[in-house]
Amino acid sequence: MLPIPAEELNGSGTLGPYWTFYRAVAAEQLNRWLPGEPSTILDLSGGRGRWSDQAARAGHRVIEVVNFRGTPDGHSLRDADLVRHVRADDLAFLPDASVDAVLAEERAMSIELMAESAMNDVARVLRPGGRALVCVDSLVLGMAILAEQEQWQHLRQTGEVMLVPWPDGSITRCFSSGQLRELLIGAGLEVEWMRPRTVLSPSTVDHVLGSDARALTYLVRTELETHPDDDDTVGIHLVASCRKSP
């Protein structure tokens with residue numbers, strides 16, 4: 001059941017080729033998702049500038065929230081030309097309908113246990129027609145971690161909210177595709193698409209890149225051309241794009 005050993009989930013283990021591939025897939029997904037015209041983007045990802053920098057390089061103005069609801073705070077608050085850093089634990093500083101798009105990468109809505117409240121905030125600040133990109137921990141990942149912890153009594157409770165303790169003491173909320181869809185629709189957003197972040201297995205990626213490191217572009221293209229919509233039987237993370245009605 002466990003697609004990636006638990007010690008590898010922070011990206012620091014022996015699966016270097018897979019994480020190189022994973023990051024390349026995530027970056028290309030964002031490239032394809034970003035608005036075609038310069039826009040104002042709110043970044044809740046806590047990614048230490050990674051997502052904000054990519055959006056800024058594409059010509060967008062970015063508001064990156066540091067420490068949103070307790071996300072890790074590990075970078076300085078120096079503003080770049082197109083990136084403004086704001087230290088806040090909620091979105092009260094933003095008026096209604098004030099941003100064109102919202103990034104909630106880096107499992108932001110899984111780390112935020114009150115995800116319904118957070119998504120309502122996202123919907124409030126989005127302009128009509130605005131979009132959000134959301135990444136969460138999958139139910140497959142949650143069940144795998146519980147199995148490693150021998151928490152067998154919880155593995156049958158997949159119809160309920162699954163809160164999973166990590167060895168570092170943190171808690172993650174894991175979603176099935178149906179639960180993620182309910183979260184987004186419950187905030188008044190329309191789901192455009194939903195899929196696992198990656199379908200190709202770590203062993204497949206390792207084998208291909210081990211044979212030819214130049215195959216990364218091919219692997220990323222192959223991954224993004226698959227269409228496993230709503231398939232929550234594979235992958236450690238689910239990614240969804242949603243839109244606020246015009």
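Keep in mind the model is a prediction, meaning the values are calculated, not measured.
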Candidate pair R50 and E105, rule salt bridge (charged side-chain N to carboxylate O under 4.0 Å, His left out), full reasoning: CA-CA 10 Å; R50 171 187 172 193; E105 277 283 0; over 6 Å; no

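- Atom OG of S45 and atom CD of E64 lie 8.0 Å apart (nearest 0.5 Å).
- Not a single salt bridge (Lys or Arg N to Asp or Glu O under 4.0 Å) links R221 to another residue, sequence neighbours left out.
- Using a 4.0 Å cut-off between charged side-chain N and carboxylate O, R195 and E223 make a salt bridge.
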Would you mind writing out the side-chain donor-acceptor pairs for residues 239-246 within the sub-3.5 Å range, not counting sequence neighbours?
residue: S241; atom: OG; partner: W33; partner atom: NE1; Å: 2.8
residue: S241; atom: OG; partner: R131; partner atom: NH2; Å: 3.3
residue: S241; atom: OG; partner: E192; partner atom: OE1; Å: 2.5
residue: R243; atom: NE; partner: E192; partner atom: OE2; Å: 3.0
residue: R243; atom: NH1; partner: G129; partner atom: O; Å: 2.9
residue: R243; atom: NH2; partner: E192; partner atom: OE2; Å: 2.9
residue: K244; atom: NZ; partner: A123; partner atom: O; Å: 2.9
residue: K244; atom: NZ; partner: L126; partner atom: O; Å: 2.7
residue: S245; atom: OG; partner: E190; partner atom: OE2; Å: 2.7

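- S170 meets the side-chain contact (heavy atoms from CB on, under 4.5 Å) test with W166, D168; sequence neighbours excluded.
- Interatomic distance, L133 CG to W51 CH2, rounded to the nearest 0.5 Å: 8.0 Å.
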side-chain hydrogen bond (donor to acceptor under 3.5 Å, both in side chains) between Y18 and T198, worked out: CA-CA 10 Å; Y18 174 77; T198 63; 2.7 Å; yes

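- Counting all heavy atoms, side chain and backbone alike, A55 lies closest to I41 at CB-CD1, 4.2 Å.
- A132 and V122 make their closest contact through CB-CG1, 4.2 Å (heavy atoms, listed as atom of the first residue, atom of the second, distance).
- Not counting sequence neighbours, R57 has no partner by the salt bridge (Lys or Arg N to Asp or Glu O under 4.0 Å) test.
- Heavy-atom minimum distance, N120 versus G186: OD1-O, 4.1 Å.
- A distance-only check finds a donor-acceptor pair linking the side chain of S98 to the backbone of P95 [under 3.5 Å].
- N31 pairs by the side-chain contact (heavy atoms from CB on, under 4.5 Å) definition with E28, Q54, not counting sequence neighbours.
- Salt-bridge check for R23 with E106: failed, with every basic side-chain N at 4.0 Å or more from each acidic carboxylate O.
- Proximity of H207 to T204: side-chain heavy atoms (C-beta onward) are nowhere separated by under 4.5 Å.
- A donor-acceptor pair under 3.5 Å is absent between the side-chain atoms of H237 and the main chain of R107, judged by distance alone.
- Of all heavy-atom pairs between L238 and S176, the closest is CD1-C, 3.8 Å.
- Residues satisfying the salt bridge (Lys or Arg N to Asp or Glu O under 4.0 Å) test with R61, not counting sequence neighbours, are none.
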